[in-house]
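Reading through the structure tokens given below for one structure.
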Amino acid sequence: MTSKRSERCDASGDIRVDGNRSTIYVSGIDREWRTKPYARYHDPVAMAHVREYTLKPLPAGDAAPACTRNHSVPGFLFSNGGFSGNLYHDYTDVLMPLFISTHQFKGRVQFLLTGMKPWWVAKFTPFFQQLTRFDVIDVDNDREVHCFPRIVVGATFHKDMGVDPRRSPGHVSVVDFKRALRRAFGLGREAASRGGATGAGRPRLLIISRRGSRRFLNEREMARAAAAAGFEVRVAEPDQHTDMATFARLVNSADVMVGVHGAGLTNMVFLPRGAVLIQVVPFGGLEWLTGVTFKDPAADMEVSYMDYNVKLEESSLIDQYPRNHQVLTDPDAVHKQGWDALKTAYLDKQNIRMDLDRFRATLQEAMSRLPSP
């Protein structure tokens, strides 16, 4: 176990991977091991959607499966099961652990992906190409026995949306991860500015829009207020079908990004150095959740972070419940009922009508934090 969330097996010798049987044969071991190569071991709901692989002693002679593809570089097995497909979990559970675990191979590593979703691989292929010279193999379904001199199964998790340089090979940090993303998606802008992209114009504000829950009910008024406050305004809504490179360029062009807590804020990885992230925290005592997901990682990403804590008067919950209802009066009691109760009350059923005076003051503060041109 490399953390509470991640397990890693590293073996060298005569290694034979039979993905159709979810089996890896390893010379020189005398017992079987079972593992799931996804960095969320503490979460049984996620891990239920990850295929298990068994490491077995390599049988002698003809009993060993014959190699059909030989590789001269190490293999690295990981999964895009679990919660992947949600952008936040793509980065926290898969991409950052993958970077931590494979950047030191300098491209000389063969990725083996279990649970492959082709659309997901296509979305992140430019990033994979920063880490490997070879196409990703759909190991569950390719009908081959892959033979390697070394195999690593499972990526190492450090922290949510983060890299600990004290523990990472080569002491790389999340700034190095962001640099790899910039190369992958052709992002030219390194630093934010009060003068915008040219240094002589307006700074750009990007409002992350949502269509389902936790959406802004007065988004147009917010955009007008931001324009009056001196920003060039863009509104965008990422989803699973958003072209990654196009959206990455849009975020990279922003000096300030604002959005309600949700997976869309994960796009902070594309913000330039010195940009400001404003996370709108829904009503309901959610500061612990919004802290670990986006607030805490921001500083290491060289992003200035601001909270906007929604007041009850700004929440649609006020129209859904009587004023004396526990959801409105005692969020702690709702939290004690467990994640499902909290999620249903405060994440799935809440929309937000921003107080424009408070929003203007927040924008003024964000503007003042931006680096001078």
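Separating the CD atom in Gln364 from the CE atom in Met367 is a distance of 8.5 Å, to the nearest 0.5 Å. For the atom pair CH2 of Trp339 and OG1 of Thr344, the computed distance is 10.0 Å after rounding to the nearest 0.5 Å. Interatomic distance, CE of Met257 versus CG of Leu250, reported as 10.0 Å (0.5 Å rounding). The distance from the OG atom of Ser173 to the NE2 atom of His158 is 12.0 Å, given to the nearest 0.5 Å. To the nearest 0.5 angstrom, Ser84 atom OG is 11.5 Å from Met116 atom CE. One distance of note links CE of Met161 with CG of Asp93; it measures 11.0 Å at 0.5 Å rounding.
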message: Applying side chain to side chain contact (heavy atoms under 4.5 Å, CB included) to Arg369 and Val256, what does each step give before you reach the verdict?
response: CA-CA 10 Å; Arg369 291 191 184 195; Val256 178; over 6 Å; no
- request: Report the C-alpha separation of Asp296 and Lys159 in whole Å, then their side-chain angles, then the decisive distance to 0.1 Å, and conclude whether the side chain to side chain contact (heavy atoms under 4.5 Å, CB included) test is met.
  value: CA-CA 10 Å; Asp296 297 346; Lys159 54 185 179 177; over 6 Å; no
- request: Show your working on salt bridge (charged side-chain N to carboxylate O under 4.0 Å, His left out) between Arg189 and Asp255 and close with a plain yes or no.
  value: CA-CA 10 Å; Arg189 192 160 181 243; Asp255 301 284; 2.5 Å; yes
message: Between Arg215 and Val260, does the side chain to side chain contact (heavy atoms under 4.5 Å, CB included) criterion hold? Intermediate values first, please.
response: CA-CA 7 Å; Arg215 70 182 184 273; Val260 184; over 6 Å; no
query: Given Thr102 and Val152, is the side chain to side chain contact (heavy atoms under 4.5 Å, CB included) satisfied, shown in steps?
result: CA-CA 9 Å; Thr102 65; Val152 180; over 6 Å; no
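Heavy-atom minimum distance, Ser213 versus Arg210: O-NE, 2.8 Å. Heavy atoms only, all atoms of each residue included: Val334 and Ala345 are closest at CG1-CB, 4.2 Å. Minimum heavy-atom separation, Ser193 to Ser372: OG-C, 4.3 Å. Shortest non-hydrogen contact noted between Gln326 and Tyr346 is O-OH, 4.2 Å. The minimum heavy-atom distance linking Val45 with His49 is given by the pair O-CD2, 3.1 Å. For the pair Pro149 and Val73, the tightest heavy-atom approach, listed with the atom from each and the gap, is CD-O, 3.6 Å.
Between Trp120 and Phe128, the ring planes are tilted. Angles from 30° to 60° get that label. Using a 30° and 60° split on the angle between ring planes, Phe127 and Phe99 fall in the tilted class, from 30° to 60°.
Taking the charged nitrogens against the carboxylate oxygens, Glu302 and Lys178 have no contact shorter than 4.0 Å, which rules out a salt bridge. Residues Asp18 and Arg16 are not paired through a salt bridge, judged by the lack of any N-O separation under 4.0 Å between the basic side chain and the carboxylate. A salt bridge is absent between Arg353 and Asp319; no separation between the charged side-chain nitrogens and carboxylate oxygens falls under 4.0 Å. The pair Arg360-Asp357 meets the salt-bridge criterion, since a charged nitrogen lies less than 4.0 angstrom from a carboxylate oxygen.
For the side chain to side chain donor-acceptor pair (under 3.5 Å) criterion with Ser253, the lone passing option out of Glu232, Arg204, Arg234 is Arg204. With Phe111 as the partner, the ring pair (Phe, Tyr, Trp, His ring centres under 6.0 Å) test is satisfied by one option alone out of Phe78, Phe134, Phe105, Phe124: Phe78. The side chain to side chain donor-acceptor pair (under 3.5 Å) test with Arg5 singles out one residue from Asp160, Thr156, Asp43, and that residue is Asp160. In summary, of the residues considered (Leu77, Leu113, Asn20), a side chain to side chain contact (heavy atoms under 4.5 Å, CB included) with Val139 occurs for Leu77 alone. Across Thr68, Asn70, Val17, a single residue satisfies side chain to side chain contact (heavy atoms under 4.5 Å, CB included) together with Val145, and that is Thr68.
At a threshold of 4.5 Å between non-hydrogen side-chain atoms, the residues Ser79 and Arg51 do not count as touching. Counting heavy atoms from C-beta on, the side chains of Asp30 and Pro57 never come closer than 4.5 Å. Annotation: side chain of Phe231 is not in contact with side chain of Arg202 (no heavy-atom distance under 4.5 Å). Residues Phe216 and Phe359 fail the side-chain proximity criterion, which asks for heavy atoms closer than 4.5 Å.
Ring centroids of Phe294 and Tyr88 are separated by less than 6.0 Å, placing the two rings close together.
Between the side chains of Ser315 and Gln350, at least one donor N or O sits under 3.5 Å from an acceptor N or O. Residues Asp140 and Tyr53 have side chains that bring a donor and an acceptor to within less than 3.5 angstrom of each other.
In terms of modelled atom types and a separation under 3.5 Å, the side chain of His335 and the main chain of Gly284 share a donor-acceptor contact. For the pair Lys36 (side chain) and Met47 (backbone), a donor-acceptor distance under 3.5 Å is present. Put simply, the side chain of Glu219 never gets that close to the backbone of Ser209: no donor and acceptor are under 3.5 Å apart.
A 6.0 Å sphere centred on CG of Asn309 holds more than 12 heavy atoms belonging to other residues, nucleotides or ligands.
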